[in-house]
Amino acid sequence: MRPELFASATTGENTGKLAVNVTSERDNRPIEGASVQITYTGQPDNIVEETTTNAEGQIPDIELNAPPLEYSMAPGANKPYAEYTIYISAPGYETFEVSGAEIFSGELAIQNAALLPLTPTNPSGTELFVIPDHTLWGTFPPKIAEDEIKPVDESGEIVLSRVVIPEYVVVHDGPPSDTSAQNYYVKYKDYIKNVASCEIYSTWPESTIQANILAIQSFTLNRVFTEWYRNKGYDFTITSSTAFDHKWVPNRNIFESISSIVDEIFTNYLSRPNVLQPILTQYCDGQRVSCPNWMSQWGSKALGDRGYTAIEILRNYYGDSMFINSTDIVSGIPSSWPQYNLEVGSSGEKVRQMQQQLNAISNAYPLIPKIAVDGIFGPRTEEAVKTFQRVFGLTPDGIVGFKTWYKISEIYVGVSRIAEGVAR
């Protein structure tokens, strides 16, 4: 999070910020000149802000009123976030509307919008998304208890012998038995960011956010590893029902504090000794619902306030045998991070690969300068990396570490259409 962006709590002003990224659903390229209008939800004539996107499909961060920060720090009678409606339109595309985008005091919210191109058979239209209450504020079905370790039938359909980070998960937007619910193909990291933004408050301590994200990732990877729903005859990976899995909402906004942590730890999950599969780490809010032997979300917040680390929080609930594991197998990218930073003075094939990817990205994001693909990390490559980092909200240090490597890979795959064959 970038606290310097926000008014000090001592001034009595409570504001958050909103960033908007607009791309084409067809080719993942940014849309320049898209119109962005923001109103208070429920007050469509009360326009708060109007602006247009730049060549990177982005707008300057917008400051918006929000309730006091303390509302999100303990359960209470006051909603801790303000709700806004975002309208986005661009020539040749359907209008994109999100109602109920959440803004917390002191937080940067991020609204990503992929616009559908108009076609001769669909010359006009609007995609409307209504964001329900946050799970810590609204009323949702509690999780139905399951065993945290699933039986694995060697003769069944399970083919994974090691944990793999999938490129996509297929999310069934409803309980498993709802045949009318839509299935969505969602990038794994985007899914985790969405769920975490639905289920915890981005204002909480960093260690609390990390602990909850690790629980979400481990739960999700257990569903992937065991092919839990597919082995029951379903054609999806996971559901959006809180009774069975986690809350996920199509096109809801996420938060920078959550997004940044997911980018740092998305290859991690939770393990127990001598158990290959990720642990199905279940939890509850700890206020309206109690869950002995599971993590309490509000309880994890209290432990974070007391200085507990993420693993200390997790072991407090799941026991001392729980540990953080990781995999270096990430699907859907040209190659995994080399396990060392690329910076000025580095050379070799990994540098060459990164340079080639940056040049491909610069075709869609012209602010990023073209560079020589020579395998030598010099000042020009450093400047291109810094520009990429600024465009995509990373620390502009010019060093290609874990987060930057995978962000370059993610954007490269999107704009170069490597993932074109994946259903959308």
Side-chain angles (χ1 to χ4, degrees), residues 19-34 53-59 90 93 110-115 117 165 167-168 186-190 193 254 256 259-260 262-264 266 330-338 341-344 346-422 424:
V20 177
N21 304 306
V22 184
T23 57
S24 169
E25 174 78 8
R26 175 183 293 155
D27 56 14
N28 297 291
R29 291 173 179 259
I31 299 175
E32 183 177 6
T53 56
N54 60 20
E56 280 64 55
Q58 300 170 345
I59 63 171
Y93 293 90
I110 302 169
Q111 180 66 60
N112 296 313
L115 306 193
I165 303 300
E167 182 179 7
Y168 286 82
V186 186
K187 292 179 181 178
Y188 174 76
K189 280 203 299 182
D190 291 343
K193 293 175 182 182
I254 61 172
E256 185 188 43
S259 177
S260 178
V262 173
D263 285 341
E264 290 174 354
F266 77 95
V330 181
S331 298
I333 62 168
S335 67
S336 297
W337 184 56
N341 291 344
L342 303 180
E343 54 192 314
V344 171
S346 299
S347 61
E349 187 55 37
K350 289 293 185 179
V351 174
R352 185 186 306 276
Q353 181 183 33
M354 178 268 295
Q355 291 170 327
Q356 184 267 326
Q357 291 177 9
L358 281 177
N359 278 347
I361 293 169
S362 73
N363 292 329
Y365 292 85
L367 195 63
I368 301 170
K370 294 284 188 181
I371 51 179
V373 182
D374 57 9
I376 299 171
F377 200 125
R380 288 280 296 169
T381 297
E382 181 184 41
E383 184 53 40
V385 170
K386 286 182 178 179
T387 303
F388 173 89
Q389 290 169 326
R390 282 191 289 268
V391 169
F392 291 101
L394 304 172
T395 301
D397 56 12
I399 298 171
V400 181
F402 180 91
K403 286 176 66 174
T404 298
W405 176 273
Y406 282 112
K407 180 60 72 172
I408 290 173
S409 296
E410 174 189 332
I411 303 303
Y412 169 73
V413 168
V415 300
S416 63
R417 303 291 287 154
I418 286 177
E420 187 173 4
V422 178
R424 298 186 64 83

> In chain order, what residues pass the side chain to side chain donor-acceptor pair (under 3.5 Å) check against Asn363, with sequence neighbours excluded?
Replying inline: Lys370
> Checking side-chain contact (heavy atoms from CB on, under 4.5 Å) for the pair Phe266/Val330: CA distance, chi angles, key distance, verdict?
Replying inline: CA-CA 10 Å; Phe266 77 95; Val330 181; 4.1 Å; yes
> Sequence neighbours excluded, which residues qualify as side chain to side chain contact (heavy atoms under 4.5 Å, CB included) partners of Asp263?
Replying inline: Lys189, Lys193, Ser259, Lys403, Lys407
> How would you list, by chain and number, every residue that makes a side chain to side chain contact (heavy atoms under 4.5 Å, CB included) with Leu115, sequence neighbours excluded?
Replying inline: Val22, Ile31, Ile88, Ala90, Tyr93, Phe96, Ala113
>> So does Ala19 get a backbone contact from the side chain of Gln58, meaning a donor-acceptor N/O pair under 3.5 Å?
In response: no
> Where do Pro396 and Gln389 come nearest, in terms of heavy atoms and distance?
Replying inline: CA-OE1, 3.2 Å
> Do Thr53 and Val20 have side chains that get closer than 4.5 Å, going by heavy atoms?
Replying inline: no
> Listed by chain and number, what are the salt bridge (charged side-chain N to carboxylate O under 4.0 Å, His left out) partners of Arg380, not counting sequence neighbours?
Replying inline: none
> So which heavy atom on Glu167 is nearest to which on Val413, and how close?
Replying inline: OE2-CG1, 4.1 Å
>> Checking Glu32 now: which residues fulfil salt bridge (charged side-chain N to carboxylate O under 4.0 Å, His left out) with it, not counting sequence neighbours?
In response: none
> Which heavy atom in Ala364 sits nearest to a heavy atom in Pro30, and how many Å separate them?
Replying inline: O-CG, 3.2 Å
>> Quick test of your reading: applying salt bridge (charged side-chain N to carboxylate O under 4.0 Å, His left out), list the pairs with at least one residue in residues 381-393, sequence neighbours left out, ordered by first then second residue.
In response: Glu383-Arg390
> When rounded to the nearest 0.5 angstrom, what is the spacing between CG in Asp397 and OG1 in Thr404?
Replying inline: 6.0 Å
>> To the nearest 0.5 Å, what is the distance between CE on Met354 and OG1 on Thr381?
In response: 6.0 Å
> In chain order, what residues pass the side chain to side chain donor-acceptor pair (under 3.5 Å) check against Asp374, with sequence neighbours excluded?
Replying inline: Gln355
>> Please evaluate residues Asn359 and Ile371 with respect to the criterion side-chain contact (heavy atoms from CB on, under 4.5 Å), reporting the C-alpha separation (whole Å), side-chain torsions for both, the decisive distance (0.1 Å), and the verdict.
In response: CA-CA 7 Å; Asn359 278 347; Ile371 51 179; 3.5 Å; yes
>> Are the side chains of Arg352 and Ser347 in contact, using a 4.5 Å heavy-atom criterion?
In response: no
>> Taking the side chain as everything from C-beta on, heavy atoms only, tell me whether Ile399 gets closer than 4.5 Å to Val385.
In response: no
>> Could you work out, with ring pair (Phe, Tyr, Trp, His ring centres under 6.0 Å) as the rule, every residue matching Phe377, not counting sequence neighbours?
In response: none
> Taking atom OG1 of Thr387 and atom CG of Leu358, what is their separation to the nearest 0.5 Å?
Replying inline: 9.5 Å
> If you look at every heavy atom in Trp337 and Val400, which pair is closest and at what distance?
Replying inline: NE1-O, 4.0 Å
> Who pairs with Ser346 by side chain to side chain donor-acceptor pair (under 3.5 Å), at least two apart in sequence or on another chain?
Replying inline: none
>> I'd like to check the side chain to side chain contact (heavy atoms under 4.5 Å, CB included) partners of Thr23; sequence neighbours left out, ordered by chain and number.
In response: Ala114, Tyr365
>> Restricting to side chain to side chain contact (heavy atoms under 4.5 Å, CB included), what partner residues turn up for Ser409, sequence neighbours left out?
In response: Ile333, Pro334, Gln357, Trp405
> Who passes side chain to side chain donor-acceptor pair (under 3.5 Å) against Ser335, sequence neighbours left out?
Replying inline: Lys350, Gln353
